[in-house]
Amino acid sequence: MIINPRMDYAVLLLAANVTRYAFDYILSVCEKLSCDVFHGLWTIGHGINQSVMKILKDQNYRHYVYAGIRLITLMVMNVLVCACASAQGLKASKIQAGKKISPDLFGLFFEDINYSADGGLYGELVQNRSFEYSPTDRREWHSFSFWQYITPGYSYGSLNIETTAPLHPNNPHYAVLNIEHVGDSGVGLRNQGFAKIPVKAGEKYHFSVFAKLLSQAPISVVVSLQNPEGGTLAESKITVSSSNWQQYTADLLAPVGNDSATLVVLATTRGRLALDVVSLFPDNTFKHRPNGLRADLAQLLADIHPKFIRFPGGCLSHGDGLGNMYRWKNTIGPIEQRVEQKNIWGYHQTAGLGYYEYFQFCEDIGAKPLPILPAAVSCQNSGGTWRIGGTGQKAIDMSDMQDYIQEVLDLVEWANGPATSAWGAKRAAAGHPAPFNLQYVGIGNEDKITPEFEQRFKMIYDAVKAKHPEITVVGTVGPFPEGEDFEKGWKLANALQVPVVDEHYYSQPAWFISNQYRYDAYKRNATKVYIGEYASWGNKMKNALSEAAYMTAIERNGDVVSMASYAPLLAKSGFTQWNPNMIYFDNTSVYPTVNYYVQKLFSVNQGDTYFENVVAKNPADSTLAASCVQDSKTGDIILKLVNAGPEPGSMKINLSAFGKLDADAARTVLSGSAEAANVFGSAAAVVPVTSAFNAAKTFEYNAPPMSLTVIRVRKKK
Ligand code: AHR
């Protein structure tokens, strides 16, 4: 064909537009004829058309005239092929029968990092309540950290830490007040809380303390919440009357609130008094549980409707050296008997939020518990050896392995055994006679796959499999999506036929966009994958949408990927060791990131069946991603349409395989510029917006630039 290169721009534009309308018309005919080939061809044709239009807009269009004409010709050819296919009734890309996918796909990863537990989700407001802080936690910390010895009103006395005859051997340190002269107000202690104590107007607080008299006469103690000026917000009184350790309680009601309060405990009688586990909880914990969770943070997690919660980590699970491993038995029972220890992230863990509370929270929000137990080896970065290449992994001595294996088996009995069993009885004594229905147990956290690890993992795995075949064991394949530990971990998992392994990766958004096909190549009937930790490096829309695109691929591969959880979950502002995180908070407010909303939209819209070929898009455009699942309980069909690119993105939806549908669908859109973020301390800039949507059997959806759209369509009854 001979083309005049000087053809006028306007003529060319007109030709392109006419062709486009013709193209659209023929496609609509194809659609009416149920031509399934239409989707593929439309996608290609549409891409070509877009390119032509772009070229025409270019100032140097004349240089591209030849190319443009060729593209238009190609497009017309595509349309003709489509029309032909339609006429012959070809059904080339039929919507296939749905594929069953994991019903537990999206859940939460919880680790006590960034003050997520103590000072975070755990409702306790007193810091260092048991006087167990020490330089092991942090060099400058000691038994009195976050406490002040106070002698207001010309009182006089002394304060010591003692360890003789403690409340419990696991809780060796306690404070002793020697009140020599009570002055105007007494001798005592002030606690600073975790960056102060937030007191809400009109709310009730439960104070408790273990105390014993070290002198003869009863000692009165005034307990108050004070504002920074020393004014009293709430006050109550207890009288310590026993020379044995005994718990005393008082309620504090604050008519006026203050975000920066302190707790003051003043003994107003002469004598000697021992104090331990000085505690203050809001009455309004999540579901009003005693020793409970901070309500607003817990609610934000509940709102995600996670299918599971992984806990207690992360690196916190396998610990900084053998002595620092998270041993579940140390974290159950009365709080004054739990073993406190250094937190691997550079602070202190009280274990007040322990296994019982984790399991209870899971039950409260309908999530399956996924405890991660150490594989009898500590973190390879123990002692800070990550600086010299992570050589710090320590292994439990073989002579102690049977005890350790028993500890793992005991967890299953504690969670699932009858209240009459030895460990089930401890659960019942804590207030939960019914089993917790534990289904998953993780062994190891991204450990270095050494011979020591392999030997111990196999011992634990074999024992759990033999005694509890009903439990699904989740193994581990190192900290990265590839490399030596990944390969060795997978080799071991394949050899042992471990049901699920835990993959971890943190990377730039481009990694998530370009790795959307990672799991398409995985074996379907072999070990499954739990993506236990993943996040794109940042809290901007471009990060969240790269995760969203990746999550559509997780759904597509929901027959191989059985679970996935973004990490880390929580971070307290000013106390953060790791960025990015899903939710930021301070003492009074919570700030969900845009990544949170992506997680939530996927999680509350999970399905159990995946459908191919419902959404057609330009396959060459990797910033467009989509999935279609059905929730068999409701029958709802759920489309997730991601556009992680700067231009609107067209997708063709064909729901004709689903029979009669309710036209009144719901559409939720999360969109914002690539750099948009919900910044800590400011009102959220990007939140999902839901509106009614008229869903036809087939329709074209123009996904806004930088957006995630979820369309939920009901089946007609
Ligand atoms: O999620 C933060 C940390 O990242 C986890 O503790 C660890 O498992 C991973 O390296």
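Start at 1 and go down the list; that is how both ligands and their atoms are numbered. Since we're looking at a predicted model, the values are computed, not measured.
Only the side chain of N445 comes within 4.0 Å of ligand 1, counting heavy atoms alone; its backbone N, CA, C and O stay farther away. Only the side chain of W345 comes within contact range of ligand 1, with a heavy atom under 4.0 Å; no backbone atom does.
With hydrogens and angles disregarded, a donor-acceptor distance shorter than 3.5 Å links the side chain of N114 to the backbone of L570.
Atoms of ligand 1 found under 4.0 Å from any heavy atom of F109, numbered from 1 in the order shown, are 1 (O). Atoms of ligand 1 lying under 4.0 Å from any heavy atom of G314, numbered from 1 in the order shown and given with element: 5 (C), 6 (O), 8 (O). Close contacts between ligand 1 and W578 involve ligand atoms 2 (C), 3 (C), 4 (O) [criterion: under 4.0 Å to a heavy atom]. Short contacts between ligand 1 and C315, defined as distances under 4.0 Å to a heavy atom of the residue, involve ligand atoms 5 (C), 6 (O), 7 (C), 8 (O).
Looking only at heavy atoms of the protein, atom 1 (O) of ligand 1 is closest to Y506 OH, 2.8 Å. When hydrogens are left out, the protein atom nearest atom 10 (O) of ligand 1 is E446 OE2, 2.7 Å; that is the closest non-hydrogen contact. Here the protein heavy atom with the shortest distance to atom 4 (O) of ligand 1 is E533 OE1, 3.0 Å. Among all non-hydrogen protein atoms, the one lying nearest atom 6 (O) of ligand 1 is E111 OE1, 2.6 Å.
When side chains are defined from C-beta on, L409 counts as touching I405, because their heavy atoms get closer than 4.5 Å.
Ion pairing between a basic and an acidic side chain is recognised when a charged N comes within 4.0 Å of a carboxylate O; K528 and D559 show no such pairing. Using a cutoff of 4.0 Å between basic side-chain nitrogens and carboxylate oxygens, D104 and K368 are scored as salt-bridged. Ion pair R129/E124 flagged as a salt bridge, since at least one NZ, NE, NH1 or NH2 atom sits closer than 4.0 Å to an Asp/Glu carboxylate oxygen. Under the 4.0 Å criterion applied to side-chain N and carboxylate O atoms, K491 and E454 are not assigned as salt-bridge partners.
In summary, the aromatic rings of W511 and Y505 are positioned with their centroids under 6.0 Å apart.
Residue contacts with ligand 1: A567 is placed with no nitrogen or oxygen under 3.5 Å of a nitrogen or oxygen of the ligand (distance criterion only).
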| Taking it one step at a time, do W490 and E503 satisfy side chain to side chain donor-acceptor pair (under 3.5 Å)? | CA-CA 10 Å; W490 264 106; E503 292 191 358; 3.1 Å; yes
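Distances shorter than 4.0 angstrom do not occur between any heavy atom of G313 and any atom of ligand 1.
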